[in-house]
Amino acid sequence: MTTAREFHERGLRDHLAPALRLLGLTGGRRTFALPDPTHWAMVGVVERPDDGRIRYTFDLSLVSRADWSAAAFPGPRPDPSAVYGIESWRSRIGELLPVREDVWWEVLPGPRWQVALDDSVAAVRHYGLPELRRRLDRERGGGTGETYLSADELEQVNTTLLAVPVARIQRAELVGAVLVLTGAWTRADAAARTVLRGVARGFLSAEDERFTTVHCADTLGRPLWDFERP
């Protein structure tokens, strides 16, 4: 009979790790990283064994390779649990999700064993990696975005979207004369386009002189729609 540990290990090895590598991460087992010459931008699997059950979540962290070398740590790749004190940023993935609290997944035997794995990969794809890339870009001096709404203000806007089946706005940033809205939308999502057109009109009607266009992008930064002031 397959134990919980064996089932968990198989799920991470045969499904989770390949899926994360398809997202552009390198590595395996429990430590993955975005390829970058100056920083370790890491996604680490954190496990919580409990009475025969094994749940897991993700730690995301960013540390410069120079700081890692200066700290005289051995090995070509740091373990996420070993970078406390020298990382420039760290977060549990649950803090980046709409729930804003710790989230754990569990691989369970049965016909739906893959659901938890797929859900956790989606969390990394839509929330973890975009934030990790944004932090990495800012660390390298390439970040040009200025936060437009505070977390509370953005939450108020997202509250108005609860009545419609549209993904929430994850970020609202000013880039030049453009207000960039980022979320887990797709170009084929007609409902999202319609709702975001209304949201954009609301922002544009305020006649904020800092922007004349609202640009919508998916969580990987790919452009979706542009709405301009009449």
(message) Measuring from atom CZ of Phe58 to atom CG of Leu129, what distance do you get when rounded to the nearest 0.5 angstrom?
(response) 10.0 Å
(request) Report the relative orientation of the aromatic rings in Phe203 and Tyr148; use parallel for angles under 30°, tilted for 30 to 60°, perpendicular for over 60°. (result) perpendicular
(message) Any heavy-atom pair between the side chains of Leu25 and Arg21 that's under 4.5 Å?
(response) no
(request) For the pair Glu9 (side chain) and Glu6 (backbone), establish whether a donor and an acceptor sit closer than 3.5 Å, ignoring hydrogens and angles. (result) no
(message) On a heavy-atom basis, which atom in Arg168 and which in Pro98 lie closest, and how many Å separate them?
(response) CD-CG, 3.2 Å
(request) Report yes or no: do Leu97 and Val121 belong to one cluster of Ile/Leu/Val/Met/Phe/Trp/Tyr joined by side chain heavy-atom distances under 4.5 Å? (result) yes
(request) Before giving the answer on salt bridge (Lys or Arg N to Asp or Glu O under 4.0 Å), spell out for Arg90 and Glu131 the whole-Å C-alpha distance, their side-chain angles and the decisive distance to 0.1 Å. (result) CA-CA 11 Å; Arg90 171 184 289 272; Glu131 183 63 17; over 6 Å; no
(request) Over all heavy atoms of both residues, which pair between Arg171 and Pro130 is shortest? Give the atoms and the distance, please. (result) NH1-CB, 4.2 Å
(request) Decide whether Tyr56 and Phe7 are clustered together by the hydrophobic rule: side chain heavy atoms of Ile, Leu, Val, Met, Phe, Trp, Tyr closer than 4.5 Å, transitively. (result) yes
(request) Of all the heavy-atom pairs spanning Ala167 and Ala184, show the shortest one and how long it is. (result) CB-O, 3.6 Å
(request) Go through the steps for Ser150 and Asp152 under the test side chain to side chain donor-acceptor pair (under 3.5 Å), then give the verdict. (result) CA-CA 5 Å; Ser150 68; Asp152 289 340; 5.4 Å; no
(message) Test of understanding: clusters of I, L, V, M, F, W, Y form through side-chain heavy atoms closer than 4.5 Å, transitively. Do Tyr127 and Val45 belong to the same one?
(response) yes
(message) Rounded to the nearest 0.5 Å, what separates atom CG in Leu136 from atom OG in Ser88?
(response) 9.0 Å
(message) How close do Thr186 and Leu224 get, counting heavy atoms only, and between which atoms?
(response) C-CD2, 4.1 Å
(request) Drop me the distance from Leu132's CG to His39's NE2, to the nearest 0.5 angstrom. (result) 11.0 Å
(message) Assess the residue pair Arg5 and Glu47 against the criterion (salt bridge (Lys or Arg N to Asp or Glu O under 4.0 Å)); give the C-alpha distance rounded to whole Å, side-chain angles, the decisive distance to 0.1 Å, and a yes or no.
(response) CA-CA 11 Å; Arg5 166 61 70 180; Glu47 296 167 325; 3.7 Å; yes
(message) Could you measure the distance from the CH2 atom of Trp104 to the CD1 atom of Ile54? Nearest 0.5 Å is fine.
(response) 12.0 Å
(request) Run the salt-bridge test on Glu173 and Arg134 with the 4.0 Å N-O cut-off and return the result as yes or no. (result) yes
(request) Using atom types as modelled and distance alone, determine if a side-chain donor or acceptor of Asn158 lies under 3.5 Å from a backbone N or O of Ile169. (result) yes
(message) With side chain to side chain contact (heavy atoms under 4.5 Å, CB included) as the criterion, how do Leu16 and Ser120 come out once you've worked through the C-alpha distance, each side chain's angles and the decisive distance to 0.1 Å?
(response) CA-CA 8 Å; Leu16 183 72; Ser120 66; 3.8 Å; yes
(request) Using atom types as modelled and distance alone, determine if a side-chain donor or acceptor of Arg55 lies under 3.5 Å from a backbone N or O of Trp105. (result) no
(request) State, yes or no, whether a side-chain contact exists between Val124 and Leu20 at a heavy-atom distance under 4.5 Å. (result) yes
(message) In this structure, would Trp185 and Val164 fall into the same cluster of hydrophobic residues linked by side-chain contacts under 4.5 Å?
(response) yes
(request) Report the distance from atom CD of Glu106 to atom OG1 of Thr57, rounding to the nearest 0.5 Å. (result) 13.0 Å
(request) Work out which heavy atom in Gly24 is nearest to a heavy atom in Leu34; give both atom names and the distance. (result) O-CD2, 4.2 Å
(message) Quiz question: by atom type and distance under 3.5 Å, do the side chains of Asp118 and His15 form a donor-acceptor pair?
(response) yes
(request) Would you indicate whether the side-chain heavy atoms of Leu161 and Val199 approach each other to under 4.5 Å? (result) yes
(message) To the nearest 0.5 Å, what is the distance between CH2 on Trp40 and CZ on Arg65?
(response) 4.0 Å
(request) Ignoring hydrogens and angles, tell me if any N or O in the side chain of Arg187 forms a donor-acceptor pair with the backbone of Pro223 under 3.5 Å. (result) yes
(request) Taking all non-hydrogen atoms of both residues into account, name the closest pair between Asp226 and His215 and its distance. (result) OD1-ND1, 2.6 Å
(request) Check whether any side-chain heavy atom of Glu95 lies under 4.5 Å from a side-chain heavy atom of Leu60, and answer yes or no. (result) no
(message) Taking Phe211's backbone N and O only, do any of them form a donor-acceptor pair with Arg229's side chain (distance below 3.5 Å, no angle check)?
(response) yes
(message) Is there a path of hydrophobic side-chain contacts, each under 4.5 Å between heavy atoms, that joins Val46 and Leu117?
(response) no
(message) Between Arg92 and Glu101, is there a side-chain heavy-atom distance shorter than 4.5 Å?
(response) no
